[in-house]
**Q** 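Would you mind keeping the following structure in view while I ask a few things?
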Number of protein chains: 2
Amino acid sequence: MRILLVEDELDMASALNDALSKHNIVIDHVASIADAREAVHGRSYDAILLDRQLPDGEGLRLIPELRADNIDSPIIVLTAHNDHEGRIRGLDLGADDYMGKPFVVEELIARLRAVLRRPTLLSPDIIRVGRLAFDVAHMEPSLDGKQLLLPRRELLVLAALMKRSGRTVIREALVNAVYSFDVEIQSNSLDAHVSRLRKKLAGLNAGAAIHTIRGIGYLLKASE
Amino acid sequence: MRILLVEDELDMASALNDALSKHNIVIDHVASIADAREAVHGRSYDAILLDRQLPDGEGLRLIPELRADNIDSPIIVLTAHNDHEGRIRGLDLGADDYMGKPFVVEELIARLRAVLRRPTLLSPDIIRVGRLAFDVAHMEPSLDGKQLLLPRRELLVLAALMKRSGRTVIREALVNAVYSFDVEIQSNSLDAHVSRLRKKLAGLNAGAAIHTIRGIGYLLKASE
DNA sequence: ATTCGCGCAATGTTTCTGCAATGTTGGAAT
DNA sequence: ATTCCAACATTGCAGAAACATTGCGCGAAT
C-alpha cells in the first residue's frame with residue numbers, strides 16, 4: 001500500500017507519515033504541485049492525499065490534470081479551507097473525498113479504507129491469436145488460459161508480434177521492441193530467438209505461427 | 001438515477017426529496033430498517049442514503065447486512081451523531097461516505113456524484129490464497145484465522161502479491177509497492193525479502209507459494 | 001540493554017542469451 | 001532451368017544475467 005502525500009506544511013506531513021506508517025502504509029511526500037506531477041509520472045499510487053494551499057498554486061488544479069492523464073487513484077483533499085463551497089468544488093473536480101483540517105487521523109484512515117474498497121478496475125487488455133492469449137498489462141502469455149512461461153527475450157518477441165498480429169512487423173521494429181538502446185547486438189541473436197519461439201509454439205500446438213516475410217520482417221497469425 | 005432514502009424524520013425526507021428531484025434523481029423513501037430491507041430486495045438502487053436513528057434500531061446495522069447480501073450500492077450515512085468515532089464506525093462497516101446533519105444539500109449531491117463516479121464493484125475485504133487470508137483494509141495477513149506476524153517489508157511484499165494473486169506482479173511494480181522513493185535500494189534487498197517470505201510460507205505450510213517469473217517478476221498462487 | 005528488521009554484500013545456483021558455425025531457402029539473373 | 005547469393009534457420013556452447021540464500025552490522029524500536 002503506497003500513497004502520495006502532497007502537503008507543504010512539514011509538521012502535518014511528518015505527523016501523517018508517522019500515523020500512516022503504523023498502518024503499514026508507505027508514503028511518498030512531496031510539497032508542491034510540480035513535484036506531485038513528477039511523482040505520479042510512471043508510478044501508480046493506491047491513493048493521493050492532496051492539500052489545497054501549495055507554494056506553487058491551488059492544489060485542486062492538479063485533480064483534473066491527473067484525471068486527464070488517466071490517473072484514477074482515489075484522491076482525498078485535505079484542507080483548512082473547510083467551507084462547503086470548497087468541498088463541492090473539490091468533489092466536482094474529481095476528488096473522491098474531502099476532509100477539513102484539523103481532523104482525526106483515524107478518520108482519515110477510515111476514509112482511505114472506504115475509497116480503497118472500490119477498486120480502480122482497469123479493463124484487462126488481452127490479445128488473442130489462435131489458442132494464444134496475451135495480457136498486455138501483465139506481460140503474461142497464456143495458452144488455453146494456462147500461463148505460459150517464456151524467457152524474457154522470447155516474451156518480448158511474442159509481445160511485439162501479438163500486438164501487431166496479422167500485420168508484418170518490420171525487422172527493425174522488432175529489434176527495437178526486444179532490445180533497449182544501450183544493448184547492441186552484433187549477430188543474428190534476434191533470429192535465434194524467433195527460431196526458438198517458433199519451435200515452442202509449434203510444439204505446444206498453439207494455433208498460431210510465425211511467418212517470415214523475407215527482406216521485411218515477421219508476421220504472427222493463426223494457423224489454418 | 002434512483003436512490004433509496006432511509007429516514008424517519010419527515011421534514012428532512014421531504015426536503016431531500018424536493019432538492020434531489022431538481023437534479024432528476026428519483027427517491028424511494030422508507031422510514032425504517034425493516035422497510036429498507038424490503039425495498040432493496042429485488043430492486044437495485046444507484047445509491048442509498050441512510051439515517052442512523054431509526055424507529056426500529058440503529059441504521060448502521062443495515063450496512064453489513066446489505067453487503068453480505070451482495071448489494072454493492074454506494075451508501076452515504078446521514079446523521080446527527082456527528083462525532084468522529086461514529087464516522088469511523090460507519091465507514092468501517094462498509095459505508096462509502098458519512099455526512100453530519102445539518103448539511104448543505106448541494107454538498108450531499110456533490111458527494112453522491114463522487115461515490116457514483118467510482119466503480120460499482122466492491123473488492124472483497126479479505127483475499128484468500130491457499131490457507132492464507134489477507135485483510136486488505138487493515139493490512140493483516142492470517143493463516144487459518146490466526147493472525148500472522150510479518151516484518152513490514154515482507155508484509156508489503158505479501159500484500160502486493162496477494163492483491164494480484166494468480167497474476168504476475170512485475171518486479172518494478174513490487175519495488176514500487178514496497179519502497180517509498182526517498183529510500184532507494186541499491187542491492188538485492190527485494191529478492192532477500194521475497195526469499196525470507198517464501199521460506200516462511202513454506203515452513204508454515206500455507207498452501208500458497210511464490211513463483212519466480214524470470215526476467216519479469218513474481219507470482220503468488222495456491223499450491224497444487 | 002536487547003531485540004528485531006533492514007539493507008547490503010558475498011557466494012552459490014539456475015537459466016538465458018549472444019555468438020558463431022553451419023545448414024536451408026527463395027528468388028533474381030542468366 | 002540452373003546457378004548463385006543473400007537472407008534466414010537452427011543449434012551447441014560458454015559467458016553473463018538473473019535470482020536465491022545467508023550472515024553481518026547498523027540503527028530503530030521497545
Side-chain angles (χ1 to χ4, degrees), chain A residues 14 17-27 139 141 148-161 168-203 209-220, chain B residues 139 141 148-161 168-203 209-220:
Chain A
S14 82
N17 205 335
D18 292 353
L20 296 178
S21 293
K22 295 218 174 63
H23 290 263
N24 293 308
I25 294 171
V26 178
I27 291 202
M139 285 295 282
L148 192 58
L149 289 177
L150 289 178
R152 190 165 58 142
R153 294 265 120 111
E154 289 175 35
L155 181 64
L156 290 167
V157 169
L158 181 63
L161 290 175
T168 301
V169 180
I170 293 171
R171 190 190 171 80
E172 168 102 9
L174 203 48
V175 172
N176 284 336
V178 175
Y179 294 93
S180 54
F181 309 96
D182 49 337
V183 198
E184 209 41 61
I185 53 167
Q186 327 179 1
S187 75
N188 64 343
S189 308
L190 178 68
D191 307 56
H193 290 301
V194 170
S195 168
R196 286 191 254 263
L197 178 58
R198 182 181 265 157
K199 190 154 79 170
K200 279 179 196 168
L201 294 184
I210 301 174
H211 299 263
T212 303
I213 310 301
R214 214 181 160 76
I216 312 287
Y218 294 93
L219 163 70
L220 179 76
Chain B
M139 292 289 286
L148 190 58
L149 288 176
L150 288 178
R152 181 178 157 79
R153 295 263 116 112
E154 289 175 37
L155 179 63
L156 289 165
V157 169
L158 182 63
L161 290 174
T168 303
V169 180
I170 292 171
R171 189 190 171 80
E172 182 175 343
L174 204 48
V175 172
N176 280 337
V178 174
Y179 294 95
S180 66
F181 57 26
D182 48 343
V183 224
E184 209 41 58
I185 53 168
Q186 332 180 355
S187 75
N188 62 346
S189 308
L190 178 69
D191 307 55
H193 290 301
V194 170
S195 171
R196 286 191 248 269
L197 178 58
R198 182 182 266 157
K199 192 152 79 168
K200 280 178 196 168
L201 294 184
I210 301 174
H211 299 261
T212 303
I213 311 298
R214 201 161 238 270
I216 309 291
Y218 294 94
L219 164 71
L220 179 77

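Just so you know, these numbers use all the heavy atoms, side chains as well, and skip hydrogens, waters and symmetry mates. Please read all numbers here as calculations on a predicted model, not as lab measurements. Residue numbering restarts at 1 for every chain, and letters A, B, ... go by the order of the sequence lines.
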**Q** Per the side-chain hydrogen bond (donor to acceptor under 3.5 Å, both in side chains) rule, which among B/Lys200, B/Arg198, B/Arg196 passes with B/Glu154?
**A**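 It is B/Lys200, the one option of B/Lys200, B/Arg198, B/Arg196 that forms the side-chain hydrogen bond (donor to acceptor under 3.5 Å, both in side chains) with B/Glu154.
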
**Q** Could you check how far CG of A/Leu155 sits from C1' of C/dT17, rounded to whole Å?
**A**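 In whole Å, C/dT17 C1' lies 15 Å from A/Leu155 CG.
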
**Q** Which letter, B, S or -, goes with each nucleotide of nucleotides 23-30 of chain D from 5' to 3', with contact meaning a protein heavy atom under 4.0 Å?
**A** B-------

**Q** Measure the distance from NE2 on A/His211 to P on C/dT25 and round it to the nearest whole Å.
**A**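 The answer, rounded to whole Å, is 17 Å.
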
**Q** To the nearest Å, how far apart are A/Lys199 NZ and D/dA9 C1'?
**A**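 Whole-Å distance recorded here is 11 Å.
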
**Q** Which heavy-atom pair separates A/Leu158 from A/Pro141 by the least distance, and what is that distance?
**A**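 Scanning both residues completely, I find the closest heavy atoms to be CD2-CB, 3.9 Å.
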
**Q** How many whole angstroms separate atom CG of B/Leu190 from atom C1' of D/dC19?
**A**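 The answer, rounded to whole Å, is 11 Å.
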
**Q** Any side-chain N or O of A/Arg153 under 4.0 Å from OP1/OP2 of C/dG18?
**A**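 Indeed, a polar side-chain atom of A/Arg153 lies that close.
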
**Q** Taking any heavy-atom pair under 4.0 Å as a contact, classify A/Arg214: base, sugar-phosphate, or nothing.
**A**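 A/Arg214: base contact, heavy atoms under 4.0 Å.
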
**Q** Output yes when at least one side-chain N/O atom of A/His193 is less than 4.0 Å from OP1 or OP2 of C/dG18, else no.
**A**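 Affirmative; the distance criterion is met.
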
**Q** At less than 4.0 Å, is any side-chain N or O atom of B/Tyr179 found next to OP1 or OP2 of C/dC6? Yes or no.
**A**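 The answer is no; no side-chain N or O of B/Tyr179 sits under 4.0 Å from OP1 or OP2.
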
**Q** Nearest-Å distance, CG (A/Leu149) to C1' (C/dT14)?
**A**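 To the nearest whole Å, that distance equals 14 Å.
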
**Q** Between B/Arg171 and B/Asp191 (salt bridge meaning N to carboxylate O under 4.0 Å), is one present in this structure?
**A**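 Looking at B/Asp191 together with B/Arg171, the answer is yes, because their closest N to O distance falls below 4.0 Å.
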
**Q** So which heavy atom on B/Val157 is nearest to which on B/Leu174, and how close?
**A**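 Closest heavy-atom pair between B/Val157 and B/Leu174: O-CD1, 4.2 Å.
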
**Q** When you get a sec, tell me which of C/dC6, D/dA20, D/dA9 is the closest nucleotide to the side chain of B/Ser195?
**A**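 Closest nucleotide among those given: D/dA20.
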
**Q** To the nearest Å, give me how far apart CG (B/Leu197) and C1' (D/dA20) are.
**A**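 Rounded to whole Å, this separation is 14 Å.
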
**Q** Does A/Asn188 or A/Arg152 map to a spot on DNA chain C nearer the 5' end, using the closest nucleotide for each?
**A**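 Per heavy-atom nearest nucleotide, the more 5' residue is A/Arg152.
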
**Q** For B/Ile213 and A/Arg171, take the nucleotide of DNA chain D holding the closest heavy atom to each; which residue's nucleotide lies nearer the 5' end?
**A**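 Nearer the 5' end of the strand: A/Arg171.
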
**Q** Any side-chain N or O of B/Ser187 less than 4.0 Å from the OP1 or OP2 oxygen of C/dG7?
**A**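 So the side-chain polar atoms of B/Ser187 never come under 4.0 Å of the phosphate oxygens OP1 or OP2 of C/dG7.
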
**Q** Tell me: CG of B/Asp191 to P of C/dA10, nearest whole Å?
**A**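 So the CG-P distance, B/Asp191 to C/dA10, works out to 16 Å.
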
**Q** What pair of heavy atoms forms the shortest contact from B/Val194 to B/Tyr218, and how long is it?
**A**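 Here B/Val194 and B/Tyr218 meet closest at CG1-CE2, 3.6 Å.
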
**Q** Measure from the side chain of B/Tyr218, starting at C-beta and using heavy atoms only, and say which of C/dT14, D/dA9, D/dA20 lies closest.
**A**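 Between C/dT14, D/dA9, D/dA20, the one nearest the side chain of B/Tyr218 would be D/dA20.
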
**Q** Give me the atom names and distance for the closest heavy-atom approach of A/Val178 to A/Leu156.
**A**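 The answer is O-CD1, 3.5 Å.
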
**Q** Tell me if the CD1 atom of A/Ile170 is crowded by more than 12 foreign heavy atoms within 6.0 Å.
**A**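 For A/Ile170, atom CD1 is not crowded (no more than 12 foreign heavy atoms under 6.0 Å).
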
**Q** Could you give the CZ-to-C1' distance, from A/Arg198 to C/dT25, as a whole number of Å?
**A**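 Atom CZ in A/Arg198 sits about 12 Å away from atom C1' in C/dT25.
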
**Q** Looking at every heavy atom in both B/Leu219 and B/Thr168, which two are closest together, and how far apart are they?
**A**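 Taking B/Leu219 first and B/Thr168 second, the nearest heavy atoms are CD1-N, 3.7 Å.
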
**Q** Look at the side-chain N and O atoms of B/Thr212 and state whether any lies under 4.0 Å from the OP1 or OP2 oxygen of D/dA18.
**A**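 Checking D/dA18 against B/Thr212, no side-chain N or O comes under 4.0 Å of OP1 or OP2.
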
